[in-house]
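So that the names make sense, note that chain A is the first sequence line, chain B the second, and so on, each numbered from 1.
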Amino acid sequence: MRKPSRRSFLAGAVLGTAGCRRDTGARLALTGEEARTLDAICDRLIPADQDPGAAATGAVVFIDRQLAGPYARYRRAYREGLARAAALSRKMFGKPLNELTGDRRLAVVTRLERDARPFFEMVLAHTMQGFYGSPRHGGNRDYASWRMLRVPASPVRGRILYDLRQGKES
Amino acid sequence: MALDPVDAVVIGAGAGGGVIAKELACAGMRVVLLERGRWITAWDDHKDDLRNQRTSVLGAPFGPDDERNPRVAVDRRGRELVVLPSDGAYSNNAACVGSGTVSYGAMAWRYMAQDFRMKSIYGCPPGSTLDDWPITYDDLEPFYEKAEWEMGVSGDVAPDPFHAPRRRGLPMPALPPNREYEILKPAALRKGWHPFDIPMLRNSVPYNGRGPCMRCRWCVGFACEVNAKNGTQNTVIPTAMATGLCELRTDAMAREIVLDARGHATAVTYFDAGSHLQTQPARLVVVSAGAIETARLLLNSKSRLHPNGLGNRYDWVGRNLQGHAYPRAVGLFDHDTYDDVGPGASIAICDFNHGNPGLRGGAMLANEFIRLPIQFTGMTPPDTPRWGHEHKDYMRQFYRRSIAVMGPVQEMPVFEARAELDPRVKDFWGIPVARLSGGRHPHSVEVARAVVVKAAEWLQEAGAIRTWTNVPGLDLSGGQHQAGTCRMGNDPRSSVVDRNCRIHEADNIYLADASVHVTNGGFNPALTILANAYRVAAAIVKERRA
């Protein structure tokens, strides 16, 4: 697979931004239904409390965007895993995962952790990346997690304190 | 069509190759330096916490690229997986001008005198190929000094009573202490240990015309924005090129070393940036492609006299792949330990590198480099859930209140831990790829278990309210500290190169990277690779003049 060019990457970024409201619109790699199911899982993996959680800060945007890029090789695993999660939700509570209450979502996600381990581990790792990683990839909107951790949000931190004159040749 | 002949082709512009190119060019030799990657700067990696050499989940920006460079990894249950540079099991280092020295943490350790004589001191445990180096610390000492002064090292090792004798101190003072240093130093002293400032290939004051470290936290895994981290890309390689005698060719993927009927290297074939096969004739070949890729290139260079691969008559090429077993202790505190001052790692002890009762070797222990939030997500105590409310709360409470102490445990080499050629998988250019298999020696894990107890004690003494440890298992080692695959030795039946790192039975082919390390010290190996490359270059130049 080719690396995305800067232009297509920027285009992806724009699309991602446009699609990052928790809507039902089609994504780059996921269907609307898949995105909703995934959003409900992310919501339990890193829930909102006094600080925003993974779902509200774009974890699904992050994962979807990577599935259209470096994570293309995980697409099939997501397709199958999300279908399984949706079916499990219907079987346990008769409704799609995203229509369940928090407690019931948690019951489904807990069951996934037990019965669909590889899928669960993959989603957990990617959700952590989305929420705790740089916002440039679609998650961690407005540096939500970094604010929560009380770390400076700018990646170029350090330069502010740096006296560039020290670098001059004497 | 063959290119104009040169005196030497050097394959791989990393730590070893950069030094070799500079030394040979400065001695008046015409050199072609082949590098499969490109020039990378801080502006290319954008300080991306998901796309760097430490957390490469979205790609390994310092190369090689995922699209063209697969490997095969065989786990200990025998399952084969095709892996990419951004996967952990790939054992990636880097592929760019400077290679690992662009993105490393830049610790600049001399191995201790004992590290060259592991078999004599400890005896070889069953199931290991442990041996002494054919050279001693004293042979390498002048070249350690040369590397420290030419490339630039800061730090203060004077308080460390365990280091081997050195004729000269370090050229730059240590960086001012960070908060972890202030917490850990008195604790180590109370334990009766000997803490000191880690030597680093990093400017603490202006040096070599470049400025000092700006103390940002985006250091290990990244390129330096202010060029204060010293690698071959900003020291010896520019010097080599300035002679006018060294030509650096990037995007050049070596395929094979060509030998004549007498087993004498005549040329190197490689694919250029346009994927055209080129033949570069040379009087001398130096391979410095890293322990895995060097072994792969030798194995791919088959000829009448070397039907099983160059230098592989006794089946030692690719064997004894090792890195370091890295155990870690984490401590949680009831006050902030985080000050956002890079590079983070600042203080070390060498009290447990040797002399651990009943054990062979040990490790230097140091506080870890600064952890980005994504790296901390996996650093939970054993009883803390890995997700959900509790995990999030743990992150919020302890990200700024934790210290990790870890150390590179010197490993017992294992013959079956190896890089060989995969019989099926080929890379983009059609060259058979490396197939990694085998595992770590149980004794290496035992040593790791012992030294990590000391790391935890250090944190407890420093006031940690909670500590726990993580010890690596028996899975194959390697990674950025990969070493050992073409070991140096006096006996051609149990080594690949002689003490000057020339391949036995091939009079004009040398190796200059960690593949020649017999053992890998209880330290980060970069300075030893650099020093040994200076030593090998001196031997080449001396021989040429004779």
Side-chain angles (χ1 to χ4, degrees), chain A residues 1-3 41-42 44-51 53-54 62 65-66 69-71 73 102 106 109-110 113 120-121 123-134 136-137 139-140 143 145-146 148-152 154-170, chain B residues 42 46-51 55-60 65-67 82 84 86-87 203 205-206 208-219 222 224-228 336 338 340-343 370 372-378 385-393 395-400:
Chain A
M1 205 200 77
R2 279 185 63 242
K3 282 235 154 82
I41 297 173
C42 295
R44 290 298 88 185
L45 294 178
I46 308 175
D49 47 18
Q50 68 264 42
D51 294 298
F62 168 82
R65 199 183 291 173
Q66 306 322 316
Y71 286 171
R73 63 186 189 277
L106 185 61
V109 173
T110 305
E113 184 182 24
F120 176 86
E121 293 296 329
V123 177
L124 176 59
H126 295 171
T127 303
M128 290 289 173
Q129 291 162 17
F131 184 68
Y132 290 105
S134 168
R136 70 161 64 99
H137 299 297
N140 192 12
Y143 296 98
S145 71
W146 294 11
M148 173 181 97
L149 301 180
R150 295 180 293 131
V151 296
S154 168
V156 293
R157 163 74 170 71
R159 229 195 267 150
I160 307 158
L161 304 174
Y162 189 72
D163 181 358
L164 285 165
R165 285 168 304 178
Q166 290 181 91
K168 279 197 181 163
E169 290 189 51
S170 54
Chain B
H46 299 295
K47 300 209 159 170
D48 192 323
D49 59 342
L50 300 179
R51 197 170 176 278
T55 305
S56 58
V57 292
L58 297 188
D65 61 76
D66 278 1
E67 289 79 5
V82 175
L84 306 179
S86 57
D87 295 326
N203 291 356
V205 293
N208 275 341
R210 285 177 285 106
C213 173
M214 69 173 177
R215 314 300 304 269
C216 83
R217 70 178 186 275
W218 303 76
C219 188
F222 303 87
C224 179
E225 270 185 348
V226 295
N227 224 358
D336 271 14
Y338 182 85
D340 197 32
V341 173
I370 280 180
L372 296 169
I374 183 62
Q375 291 156 345
F376 192 67
T377 59
R386 298 179 307 129
W387 56 278
H389 279 292
E390 280 182 75
H391 182 269
K392 187 180 179 194
D393 204 46
M395 292 291 293
R396 186 165 39 216
Q397 276 196 58
F398 289 111
Y399 179 73
R400 292 173 59 109

Could you tell me if the side chain of [Y] sits less than 4.5 Å from the side chain of [X], heavy atoms only?
X        : Y        : value
B:Leu58  : A:Phe62  : yes
B:Ile374 : A:Phe131 : no
B:Met395 : A:Ser145 : no
A:Glu113 : B:Trp387 : yes

Legend entry - Partner chain A: residue of B:Thr55, B:Asn227, B:Asp336 with the largest heavy-atom pair count (under 4.5 Å):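 Of the options given, most contacts go to B:Asp336.
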Legend entry - Contact class of A:Asn140 relative to chain B, heavy atoms under 4.5 angstrom: neither
Legend entry - Interface moiety of A:Leu124 toward chain B, non-hydrogen atoms closer than 4.5 Å: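 It is the side chain, since no backbone atom gets that close.
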Inset, instruction - Could you pull out all residues at least two apart from B:Gln397 that satisfy side-chain hydrogen bond (donor to acceptor under 3.5 Å, both in side chains)? - result: B:Asp393
Legend entry - Sequence-distant partners of A:Gln129, side-chain hydrogen bond (donor to acceptor under 3.5 Å, both in side chains), two or more places apart: A:Tyr71
To the nearest 0.5 Å, how far apart are [atom1] in [X] and [atom2] in [Y]?
X        : Y        : atom1 : atom2 : answer
B:Asp48  : A:Arg136 : CG    : CZ    : 4.5 Å
B:His389 : A:Leu106 : NE2   : CG    : 8.0 Å
A:Met128 : B:Arg386 : CE    : CZ    : 8.5 Å

Inset, instruction - Carefully, step by step, assess A:His126 and B:Val57 under the rule side-chain contact (heavy atoms from CB on, under 4.5 Å). - result: CA-CA 9 Å; A:His126 295 171; B:Val57 292; over 6 Å; no
Report which part of [X] has an atom under 4.5 Å of a heavy atom belonging to chain A: side chain, backbone, both, or neither.
X        : answer
B:Leu84  : side chain
B:Phe398 : neither
B:Arg396 : both

Legend entry - Ion pair check, B:Asp340 and A:Arg150, cut-off under 4.0 Å: no
Please find the pair of heavy atoms, one from [X] and one from [Y], that lie closest to each other, and give the distance.
X        : Y        : result
B:Arg217 : A:Trp146 : NH2-CZ3, 4.1 Å
B:Pro373 : A:Leu149 : CB-CD1, 3.5 Å
B:Gly388 : A:Pro47  : C-CD, 3.6 Å
A:Arg73  : B:Ser86  : NH2-OG, 4.2 Å

Legend entry - Under 3.5 Å: donor-acceptor pair, side chain of B:Lys392, backbone of A:Asp51: yes
